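Every number for a ligand or one of its atoms is a count from 1 in the order of the listing. This structure is a prediction, so every number in the text was calculated from the model and none was measured.
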Amino acid sequence: MSPSTESPIDPIPFARPCIGEGEVEAVVRVMRGGWLTTGEETRKFESEFANAVSSPHAVAVNSATAGLHLALEALGIGPGDRVLVPTWTFTATAEVVHHLGATVELVDVDQQTMLLDLEAVERRIRQEVSIRAVVPVHFAGQACDMERLLALAHRHGVAVIEDAAHAFPATCRGRPIGSLGDLTVFSFYATKTITTGEGGMITTADAQLAERMRTMRLHGISRDVFDRYRAPGASWKYDVVAAGFKYNLTDLAAAIGRVQLARAEELRAARQQIAEYYYEQLTGLPIGLPVVRDTRDLHAWHLFPIRLEDDAPCTRDQLVASLAEQGIGTSVHFIPLHRHPFWKSRPSIRGRRFPNADAAFSRSLSLPLYASLTHGDCRRVVAALRRLLTPSLSRSLVGVHLDEPIRS
Ligand SMILES: *Cc1c(COP(=O)(O)O)cnc(C)c1O
């Protein structure tokens, strides 16, 4: 938490990237260097990221969505295959399965942690022979029980591709996320824990999968453009070995990423401090606070999702609106996939029930959580919640709103 500098009526956005002079200077340096797209800077970012998560290979891409697509493609997933995806996620996790011609099978989540329900995963794997992969989402920055998931998936020959869009840096039983699954995909989207504006990274211990993804991220060309034009012995020759994609990361983005990577633990610690403040200050209100599965793990604290309880004096939508009136941004993670028109009409999803996700959805909202949130901002968020959720103070919710901003 930074010391308070802003006046209490300034809006508090839901998310804000933490960009410093270091990131600005790094971009300027690359701009002056004359090579903007994938090159040396991206290569350094990959090797520093691989090192940070103790993985032998890291492949930089222009989004986590691209990374998930390449990961599934490298495993050869296609028509006739089924892939398990939690319903409690962003549509990107599932859409790439569909693009490859495979079938999305949604699975419910644990009602407390909102992480993939591993018993449901096991039941589905036992019932259905064509399940080729499972994509756990480390929701809010907390790791799934990877040890248990990997053991059960591998026992049945099912691959594990982690959607770690929320989970950098995080650990599971002391080991970094990015060093555990068959493939792990991170996001550097503008709201994520570290950002390159748009960007992503895939890590894997499998050299062949890494090679396939490197080829497919740039048109299925067997050597990347930088090698052709800049490396010693450069030549105009190249082979197209597959119908690839245009998923490479620019050096401009990688330059931002390298500085963010170096600050990742500092930013994580700042978010953790804010999460601890929320835990401390939001007790005694009719809201459920995030449930931590294993306190020994490092939590990335990408999100701070709360849930209104039965005796809350207002609905989630009313609370979101009242906070917005006070200039406090919130968001909802997630609208479960099975509630969206496209996914709910899929034959593999139609008619299925996801009671835990449904029960949580209408009560959930996520509070602002980012390293540049000031102490004053956090106090305002807490004060607003206390006022809106304490029955005697919440008359304001029936039409009349709080006319005065809360002073910190
Ligand atoms: C943000 C997000 C993605 C997509 O990341 P992009 O880098 O924007 O493609 C995928 N899965 C989850 C759970 C996310 O939150």
Item to check | N/O separation below 3.5 Å, Y189 to ligand 1 | outcome: no
Item to check | Short N or O distance, F90 and ligand 1, threshold 3.5 Å exclusive | outcome: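 The answer is no, given that F90 and ligand 1 share no N or O pair closer than 3.5 Å.
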In plain terms, say whether [X] and [Y] are close enough for a salt bridge, that is, a side-chain N and a carboxylate O under 4.0 Å apart.
X	Y	result
R43	E46	no
R217	E73	no
R363	D310	yes
D108	R353	no
E122	R126	yes

Next on the checklist: Please compare D163, L303, L68 and report which has the shortest non-hydrogen distance to atom 13 (C) of ligand 1.
Outcome noted: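 The nearest heavy atom belongs to D163.
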So which heavy atom in the protein is nearest [atom], and how far is it from that ligand atom?
atom	result
atom 9 (O) of ligand 1	T65 OG1, 2.5 Å
atom 15 (O) of ligand 1	H166 NE2, 2.7 Å
atom 1 (C) of ligand 1	K192 NZ, 1.5 Å

Checklist entry - Does F188 have its ring centroid less than 6.0 Å away from the ring centroid of F49? => result yes
Checklist entry - Any chance the rings of H333 and F139 have centres within less than 6.0 Å? => result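 No, they do not, as the ring centres are separated by 6.0 Å or more.
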Close-contact set for ligand 1 against [X] heavy atoms, below 4.0 Å:
X	answer
G199	7 (O)
T89	13 (C)
T93	11 (N)
S187	5 (O), 6 (P), 7 (O)

Checklist entry - Do the side-chain N and O atoms of W343 and T87 include a donor-acceptor pair separated by under 3.5 angstrom? => result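 No, no side-chain donor-acceptor pair sits under 3.5 Å.
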Next on the checklist: Below a 4.0 angstrom heavy-atom separation, can you tell me which part of A165, side chain or backbone, both or neither, approaches ligand 1?
Outcome noted: side chain
